[in-house]
Each structure stands twice: as structure tokens, then as C-alpha cells.
Q: 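Quick one: the structure is below, and I'll ask about it shortly.
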Amino acid sequence: MGKKGNKPDEVLDCRKLSCPVPVLKTKHAISKLEIGGILEVICTDPGSVKDIPAWAKQTGQELLEIVHEDSHYEFFIKKIK
Amino acid sequence: MSVTEQDKKHIEEIIEAKFKTLMSERKKRMAIIASKGTLDMAYPPLILATTAAAMDIECSIFFTFYGLDIINKKKNKNLQVPSLANPAMPVPMPNIIGALPGMTAMATMMMKSWMAKVNVPSITELLNIAAETGVKMIGCQMTMDVMGTKKEDLIDGIEVAGAAAFLEYAAEADITLFV
């Protein structure tokens with residue numbers, strides 16, 4: 001659950017994976033969701049803070065929220081198309 | 001009936017809006033040339049191509065000269081990192097030491113162990129992902145002739161073509177990279 005109350009339909013664990021794997025897995029996971037579904041991606045790669053938003057912008061998906069935890073980052077992405 | 005300045009402006013606005021819609025509907029395209037056959041130079045084209053595919057960017061890689069080794073199934077599991085004339089070596093050392101026997105193997109082993117530590121996929125894994133996500137991989141016909149490489153020596157799903165075929169594709173590309 002995100003801090004803004006975003007409830008994910010699927011959770012993708014990308015901890016300890018580095019570029020480009022989180023983006024590749026995110027793409028794969030989002031393709032399996034229904035439109036309007038929310039995907040939560042958990043990353044430890046610091047590069048993902050820039051990469052996941054860039055991916056979302058390019059592919060036209062909506063990044064709802066990024067939660068910075070001490071040990072990882074959580075991204076909440078809504079499937080738009 | 002004469003065309004006023006206002007009409008002209010209006011027409012320009014309509015054309016611009018239409019152009020923007022057409023441009024945004026068009027899929028972006030990237031064309032990469034992979035020309036090196038060392039392990040360190042095999043990674044960038046494959047990482048960029050697989051990421052492009054994940055970002056809905058159409059992508060094609062043209063493997064030419066030593067870059068052909070990346071898609072040669074007899075050679076691509078054994079790509080090496082050069083220790084000679086490589087000032088970026090992790091442990092700074094006089095260049096002459098890099099020429100000693102075994103130094104290339106050592107440099108290669110070191111790079112592979114770092115890559116594994118941070119879970120970067122291997123070259124074989126990246127090639128599989130590229131094929132699955134629709135990255136078009138083209139082997140250079142001329143290089144194959146020069147090096148005596150046969151189509152059977154290459155991994156599955158490779159198209160073989162020449163410079164003109166690649167350039168025709170690249171001419172429509174938004175991003176073109178030479179690695």
C-alpha cells in the first residue's frame with residue numbers, strides 16, 4: 001500500500017537487480033495487467049528513481065507515486081493503455 | 001477572396017497540431033551498430049536495445065566486424081575484456097603488465113564477477129531477452145564472408161544483410177548509435 005492509499009493489484013520485486021532488469025520486468029508485468037490496474041515495483045537500484053519514471057513517460061503509463069523507504073524504493077504505476 | 005494574415009495563422013496552427021498528432025502516434029525507432037567483439041563492448045548495445053524494446057521503441061542492431069562475435073554461438077560465451085591498452089583497468093597498473101600472459105583472462109574474470117554481483121544479465125540472457133522482445137538483430141553479410149562465418153554459426157533469429165539495408169532502416173531512426 002502506498003502512502004497516498006494506492007493499492008496494488010500486482011507486486012513486482014526487483015530488489016538487488018540492476019539496470020536494465022527492473023525496467024524490463026516492469027514492462028513484462030504491466031503487459032499482464034488489466035487496463036486501470038496498479039502495479040507496485042520494489043527496487044533497490046538507485047538508478048530506478050530516474051529510470052522507472054522515464055519508462056512510464058515514454059510508454060504512456062501513469063506513475064502514481066514513488067515511496068522512498070530506507071532500504072528500497074516503491075513505485076506505483078497505473079496501466080493506462 | 002483574399003487570404004488575411006489571420007487566416008494564414010489559423011492554417012499554420014491546424015497544420016502544426018496535425019503534425020504533432022502524427023509524430024506522437026509514430027513509434028520511435030533506434031538503430032545501433034555493434035562493431036566490437038570484447039565483453040565490455042558487447043553489453044551497451046544489448047542493454048540499450050532491450051531497454052528500448054521495453055520502452056516501446058522499435059530497435060535494430062547491426063552486428064559488423066568483431067561485433068559479429070556477439071551473435072556467434074561458438075564465440076559469444078567466451079568474449080574477453082582486453083587488459084592491454086585499457087587505461088580504465090580497475091587496478092591501475094603499468095600498461096606493459098597488461099601484455100603478460102593470463103592478464104586478459106584475469107580482467108575478464110573480474111568483470112564477470114562484478115556483473116554477477118549486481119545481477120546484470122549475461123550476454124546470452126540479454127540476447128534471449130532481445131529476441132523475445134522483438135529487437136531485430138542483423139548480421140553483416142560482408143563480415144561473414146571475410147571471417148568465413150556461416151548462418152548456422154549464428155544464434156537463431158538473425159537476419160543477414162548489408163550496409164544499404166541497415167542504412168535504409170537507420171534513415172528513419174530517431175536514435176542512431178555506433179558502439
Side-chain angles (χ1 to χ4, degrees), chain A residues 8 10-64 66 69-81, chain B residues 20-32 34 39-59 61 70 110-137 173-175 177 179:
Chain A
E10 284 295 333
V11 178
L12 175 67
D13 190 349
C14 290
R15 274 176 282 204
K16 295 194 174 157
L17 298 175
S18 58
C19 172
V21 188
V23 167
L24 305 185
K25 284 187 177 268
T26 301
K27 164 77 176 177
H28 186 67
I30 208 104
S31 68
K32 290 184 165 177
L33 274 188
E34 302 277 331
I35 293 208
I38 295 176
L39 175 72
E40 177 184 349
V41 186
I42 306 171
C43 293
T44 48
D45 172 24
S48 62
V49 179
K50 296 247 185 224
D51 283 351
I52 301 283
W55 170 84
K57 192 177 168 218
Q58 175 64 32
T59 55
Q61 309 299 356
E62 189 184 350
L63 181 61
L64 301 168
I66 307 177
E69 295 289 353
D70 290 338
S71 60
H72 62 270
Y73 308 96
E74 294 165 5
F75 301 88
F76 292 84
I77 304 156
K78 186 173 178 183
K79 180 164 177 170
I80 302 292
K81 58 181 190 182
Chain B
K20 273 189 184 161
T21 330
L22 284 173
M23 287 304 282
S24 66
E25 281 168 3
R26 180 181 160 271
K27 213 174 176 187
K28 292 235 187 283
R29 178 184 277 192
M30 172 157 82
I32 304 177
L39 181 65
D40 50 328
M41 295 305 256
Y43 271 102
L46 294 175
I47 289 178
L48 288 168
T50 50
T51 306
M55 293 176 86
D56 296 335
I57 298 170
E58 187 189 299
C59 181
I61 314 174
I70 302 169
M110 281 173 84
M111 177 170 261
K112 280 189 174 167
S113 77
W114 300 331
M115 295 298 231
K117 211 179 277 173
V118 291
N119 289 313
V120 176
S122 69
I123 294 299
T124 317
E125 285 167 324
L126 282 169
L127 284 168
N128 287 339
I129 298 169
E132 280 166 21
T133 53
V135 173
K136 201 161 124 190
M137 293 186 273
D174 302 276
I175 310 165
L177 302 172
V179 181

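Throughout, a chain's letter reflects where its sequence line sits, starting with A, and its residues are numbered from 1.
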Q: With respect to B/M55, which candidate in A/K57, A/K27, A/Q58 satisfies the side-chain contact (heavy atoms from CB on, under 4.5 Å) definition?
A: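 The side-chain contact (heavy atoms from CB on, under 4.5 Å) with B/M55 is passed solely by A/Q58 among A/K57, A/K27, A/Q58.
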Q: Working to the nearest 0.5 Å, report the span between CD1 of B/I47 and CG of A/L24.
A: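 Taking CD1 in B/I47 and CG in A/L24, the distance rounds to 9.5 Å.
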Q: Looking at every non-hydrogen atom in both residues, tell me the closest pair between A/C19 and B/V120 and how far apart they are.
A: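 That would be O-CG2, 4.4 Å.
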Q: Under 3.5 Å, which donor-acceptor pairs do the side chains of residues 71-81 of chain A form with other protein atoms, sequence neighbours left out?
A:
unit_1: A/H72; atom_1: NE2; unit_2: A/E74; atom_2: OE2; d: 2.9
unit_1: A/K79; atom_1: NZ; unit_2: A/I30; atom_2: O; d: 3.0
unit_1: A/K79; atom_1: NZ; unit_2: A/L33; atom_2: O; d: 3.0

Q: Side chain, backbone, both or neither: which part of B/I129 has a non-hydrogen atom closer than 4.5 Å to chain A?
A: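 For B/I129, the side chain is the part near chain A, not the backbone.
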Q: Check whether any side-chain N or O of B/N119 sits under 3.5 Å from a backbone N or O of A/S18 as a donor-acceptor pair, and report yes or no.
A: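 Flag not set: sc B/N119 to bb A/S18 has no pair under 3.5 Å.
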Q: Please say whether more than 12 non-hydrogen atoms of neighbouring residues, nucleotides or ligands are located less than 6.0 Å from NZ in B/K28.
A: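 Atom NZ in B/K28 is not packed in, count stays at 12 or less.
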Q: Counting only heavy atoms closer than 4.5 Å, note whether A/V23 contacts chain B via side chain, backbone, both or neither.
A: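 Both parts, backbone and side chain.
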Q: Above 12 or not: heavy atoms from other molecules or residues under 6.0 Å from CD of A/E69?
A: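 Above 12, so yes.
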Q: Side chain, backbone, both or neither: which part of B/K117 has a heavy atom under 4.5 Å from chain A?
A: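 Neither the backbone nor the side chain of B/K117 comes within 4.5 Å of chain A.
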